[in-house]
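Let me begin by presenting the structure, written as structure tokens, before commenting on it.
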Amino acid sequence: MMSRSYTNLLDLAEGNFAALGPSGGGGRRRSGSFGMKRMSRVMTVPGTLSELDGEDDSEPAATNSVASDVPSSVSGERLLVVSNQLPIVARRRPDGRGWSFSWDHDSLLLQLRDGIPDDMEVLFVGGVRAEVPAAEQDEVAQALYDGFRCAAVFLPESLHDRFYHSFCKRTLWPLFHYMLPFTAPASPEPSSSSASKKAPGNGRFDRGAWEAYVLANKFFFEKIVEVINPEDDYVWVHDYHLMALPTFLRRRFNRLRIGFFLHSPFPSSEIYRTLPVREEILKALLNCDLIGFHTFDYARHFLSCCSRMLGIEYQSKRGYIGLEYFGRTVGIKILPVGVHMDQLQSVLSLPDRQWRVSELQQQFEGKTVLLGVDDMDIFKGINLKFLAFENMLRTHPKWQGRAVLVQIAKPVRGKGKNLEAIEAEIHESYNRINGEFGNSGYSPVILIDRDVSSVEKSAFYTIAECVVVTAVRDGMNLTPYEYIVCRQGIATSESSSEVSVPKKSMLVVSEFIGCSPSLSGAIRINPWNVETTAEAMNEAISMSEQEKQLRHEKHYRYVSTHDVAYWSKSFVQDLERACKDHFRRTCWGIGLGFGFRVVALDPHFTKLNMDSIVMAYERSESRTILLDYDGTLVPQTSINKTPSAEVLRIINTLCSDERNIVFIVSGRGRDKLGEWFSSCPKLGIAAEHGYFLRWTRDEEWQTCAQASDFGWMEMAEPVMNLYTEATDGSYIETKESALVWHHQDADSGFGSSQAKEMLDHLESVLANEPVSVKSGQFIVEVKPQGVSKGVIAEKILASMKERGKKADFVLCIGDDRSDEDMFENIADIIKRGMVAPKTPLFACTVGQKPSKAKFYLDDTFEVATMLSTLADATDLEPIAGLADELSASVSSIDIGGEQTQSSDRTFRVL
């Protein structure tokens, strides 16, 4: 049964969005697409999303291809930058007739163009930061596209409120900043305009809001489809508002090149796992080719979630981190965004900046200024900063009357109980500190709670001795970077005497913000510890001038070279590298809803065709059938591993044909396999990956490895016991020829870590022993060298050759890593003369996944069906032979005691 979230996605795609009410899904329109002139690149033919989109079945459907059936009128690569909002400022004209538009030069999305190659066009897709009436949306969309190369997405107002204010700001944003909804806040009236303006809070999960989030992402998808050329374009999706979008895009265009960058923190798995749609979002993100984070901590948390919730482990190769996801490698990019150097330097060059600096220098003459620049936000820790400054004044009285904390607190439009409480605390601390330590000529804390222009802010940066950031959680925070650039200044805007002065700056930054790891010269603090933050402030402003200069120089070198252009250039280069093999591989789209994923396979990897294998089976005279057990004949998830009566019947039928050699090749012990298949007298069994072998039930077991000394077990077992005692949920399986440590029931992260440590430990301890130590899916195994399923497969075929019965049909089926040895070893057995020339080889894996096999079947049910078909063909062969004998004409037939002559009547047994 599909989960509710999956069916919701299908309902939403059909437009059934009851949660929005009459103005929501029922009357929705494709955003800005009606009446719009044809754009230079248009995708109008439905692709593989048809079942999800509810497209008209009469329209032709593309199949597993990124290519549009509509020829592109423009050649060359483009970058589609997709975000919740366009980097556009939209204003209605003073006369109320029409709109005026301009670039938002403070927008990171606009600034990233500086790092994009000159020959790559950038097209923006996103919402407009203005309420545009429905009647004007087509005209506005066309104007934005023609004048700014921006494709506008318009959401119905009720949908936007549920999508943005309810799910993004009241569910995702608090959760990603480590706030859990322990209580359910009062629900606002749906018609209340203030409801949509509330500041972010931590509301409990609302499935209706999640549905709105999915539907809003689909609106963005539809706009992208209108303008994309999937063969040439790259798509770069930004931030948590659009985490469902990659699934829509990947389902429609299997080979589309998709990148995603998260600009907020990604929480630890213990926090993220509380989200009811945790797996849906992870799977959606894994439909990207490259996922970017500001810091390694954020990336590590994401990788931990993938491991714990999806069972996907990452690998690091040549400095790149990647997740193997159904044959595709999803790259992980770790790089903090930078500032726009040219824009900051242009602000420093403005004529009114210098007089503002002079004015501030006169105002704070003889004072040491510490500066805070934050939004009025519950996570910015402004009150913690005030408390720390108060503590510094109290514990270091020398700063009373000398140190001033200037706090610029940018007001926010929204209001909420949490924010109101924080504001009240801030003002209470502000009044208390100024009341206790201030006087008529000295205010220790100056609170500027209004919008401050970029010029005024740069002037404050210039005169501040230290910037203090005490955010308790922040995705990046570019305030320290801006401060460093402003303290450096530019030669052209300063007098020669000022330029010659050595530059210096100091930073006290929270360890919980994204820029902290890149500022190695900053004093990092835990903002919750008021006393240590106070000491850090004192240390920063008391530090020697030479030390301040050295730290400033180190920071400026980093900030000036790792700007926003460097960030975007690096991301696009890595995206190109991650997608370089897209058009060389065969891709299959499978799954419904958020379970959809693309499987990238070898071009020759196909599903096993029943007719082909039956035909080859019937034509052959000496057949070899090698079958894995767990995951092939019985499901891996099955608790009862005993073979079913149907499996036993099929195997006995296949074994009854003298032309067949049938083997179970398994890692299980010989006693258990012998017990389970005791009713199959002619079945061969290769137990413990082929260490033990017998051709029939009545024959003795053979040992297929030279090793007879198992003294190494006495060395390996104590090591394994050590890790078993330390790893709850793990256990040791002792076989006759091997030791296996299982950790599938242990904590996934800890179990994997322990497995890696044990692997290294055992390899060291057993370095001089004739054994191999290998890790598999939730196991670490120690076994004699030269024992594998591939080796035993060769041994069986070689024995048949020695008996004068060279195989002319080989079927080999398995599902896990150990079976890949079989697939690899039988790939060239024809060249080595181990089988008859032109022998059909059917190496088949279970499940669509990267494999050395050439064929696949979806599951154990299909394996049983295929084997049953071969068994039926075996049953029919004697009858077919009898039919051939009776197919000749007969001359007389005895009917009812009378002899009837017949020369032309033929009876054929079918």
Side-chain angles (χ1 to χ4, degrees), residues 268-270 296-297 299-301 303-324 332 630-631 636 666-669 687-692 703-791 816-821 824:
S268 71
S269 61
E270 291 303 307
F296 175 70
D297 276 349
R300 178 169 55 85
H301 294 158
L303 295 171
S304 176
C305 289
C306 290
S307 173
R308 290 173 176 270
M309 296 162 206
L310 302 180
I312 302 171
E313 300 293 338
Y314 76 91
Q315 294 179 338
S316 181
K317 296 180 181 178
R318 297 183 179 180
Y320 294 102
I321 299 175
L323 289 162
E324 290 296 326
I332 302 298
D630 293 278
Q636 287 281 12
S666 172
R668 288 187 173 272
E688 299 192 15
H689 298 301
Y691 184 83
F692 295 108
T703 301
C704 299
Q706 296 178 353
S708 58
D709 180 11
F710 290 93
W712 56 265
M713 283 191 173
E714 297 179 1
M715 303 168 62
E717 193 167 14
V719 175
M720 287 187 164
N721 282 329
L722 181 67
Y723 287 88
T724 303
E725 292 172 5
T727 311
D728 187 40
S730 66
Y731 65 94
I732 301 172
E733 178 188 2
T734 302
K735 300 180 180 179
E736 292 183 68
S737 67
L739 290 174
V740 185
W741 186 72
H742 296 262
H743 61 93
Q744 65 264 32
D745 296 328
D747 177 89
S748 59
F750 185 57
S752 298
S753 174
Q754 291 287 79
K756 293 176 183 177
E757 182 69 24
M758 179 192 288
L759 188 69
D760 292 340
H761 195 162
L762 288 171
E763 286 178 344
S764 174
V765 170
L766 303 173
N768 298 320
E769 299 297 321
V771 296
S772 64
V773 184
K774 291 187 177 181
S775 63
Q777 188 171 13
F778 301 115
I779 67 165
V780 175
E781 183 174 25
V782 186
K783 61 183 180 181
Q785 289 178 348
V787 175
S788 74
K789 290 186 178 182
V791 172
D816 64 14
R817 191 177 301 174
S818 64
D819 299 305
E820 295 295 316
D821 292 335
E824 185 177 18

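Both backbone and side-chain heavy atoms feed into the values below; hydrogens, waters and symmetry mates do not. All figures in this text were calculated on a predicted structure; none of them were measured in a lab.
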Given side chains that start at C-beta, do those of [X] and [Y] come closer than 4.5 Å, heavy atoms only?
X	Y	answer
Asp819	Lys789	yes
Asn721	Ile732	yes
Ser788	His689	no
Glu736	Phe692	yes
Ser730	Tyr723	no
Val782	Met713	no
Pro784	Val787	yes
Glu733	Leu739	no

Using atom types as modelled and distance alone, determine if a side-chain donor or acceptor of Glu688 lies under 3.5 Å from a backbone N or O of Gly667.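 Judged by distance alone, no pair lies under 3.5 Å.
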
With no hydrogens and no angle check, is any side-chain donor or acceptor of Arg817 less than 3.5 Å from a backbone partner on Ser775?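 Such a contact is found between Arg817 side chain and Ser775 backbone.
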
Go through it in stages, so that I can follow the logic: the residues are Val780 and Lys774, the test is side chain to side chain contact (heavy atoms under 4.5 Å, CB included), and I'd like the CA-CA distance, side-chain angles, deciding distance and then a yes or no. CA-CA 6 Å; Val780 175; Lys774 291 187 177 181; over 6 Å; no

By salt bridge (Lys or Arg N to Asp or Glu O under 4.0 Å) - contacts of Glu324 (at least two apart):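 Glu324 satisfies salt bridge (Lys or Arg N to Asp or Glu O under 4.0 Å) with no other residue.
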
Excluding sequence neighbours, so at least two apart, what forms salt bridge (Lys or Arg N to Asp or Glu O under 4.0 Å) with Lys735?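 Here the qualifying residues are Glu781.
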
Donor on one side chain, acceptor on other, Tyr731 and His743, under 3.5 Å: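 No donor-acceptor contact under 3.5 Å links the two side chains.
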
If you apply the rule side chain to side chain contact (heavy atoms under 4.5 Å, CB included), what do you find for Ser269 with His301, and how did you get there? CA-CA 6 Å; Ser269 61; His301 294 158; over 6 Å; no

Sort and list the pairs that fulfil salt bridge (charged side-chain N to carboxylate O under 4.0 Å, His left out) and have at least one residue in residues 743-752, not counting sequence neighbours.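 The answer is Arg308-Asp747.
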
A quick test of your reading: do over 12 heavy atoms of other residues, nucleotides or ligands sit less than 6.0 Å from CG of Asp728?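 Result for CG/Asp728: open.
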
Report all side-chain donor-acceptor pairs from residues 751-760 shorter than 3.5 Å, counting only partners two or more places apart or in another chain.
| unit_1 | atom_1 | unit_2 | atom_2 | d |
| --- | --- | --- | --- | --- |
| Ser752 | OG | Glu313 | OE2 | 3.2 |
| Ser752 | OG | Ser748 | O | 2.9 |
| Gln754 | NE2 | Thr727 | OG1 | 3.0 |

Taking atom [atom1] of [X] and atom [atom2] of [Y], what is their separation to the nearest 0.5 Å?
X	Y	atom1	atom2	answer
Met720	Leu762	CE	CG	5.5 Å
Leu766	His761	CG	NE2	9.0 Å
Ile312	Ser307	CD1	OG	9.0 Å

Got a sec, which residues hit ring pair (Phe, Tyr, Trp, His ring centres under 6.0 Å) with Tyr314, two or more places apart in sequence or on another chain?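 With neighbours one apart ignored, the set is empty.
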
Just grab all the side-chain hydrogen bond (donor to acceptor under 3.5 Å, both in side chains) pairs involving residues 762-771, residues at least two apart or on different chains.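 Residue pairs with at least one partner in residues 762-771: there are none.
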
Give me the atom names and distance for the closest heavy-atom approach of Gln636 to Gly631.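 For Gln636 versus Gly631, the nearest heavy atoms are CG-CA, 3.6 Å.
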
Please test Glu717 against Thr734 for side chain to side chain contact (heavy atoms under 4.5 Å, CB included), starting from the C-alpha separation and ending with a verdict. CA-CA 9 Å; Glu717 193 167 14; Thr734 302; 4.3 Å; yes

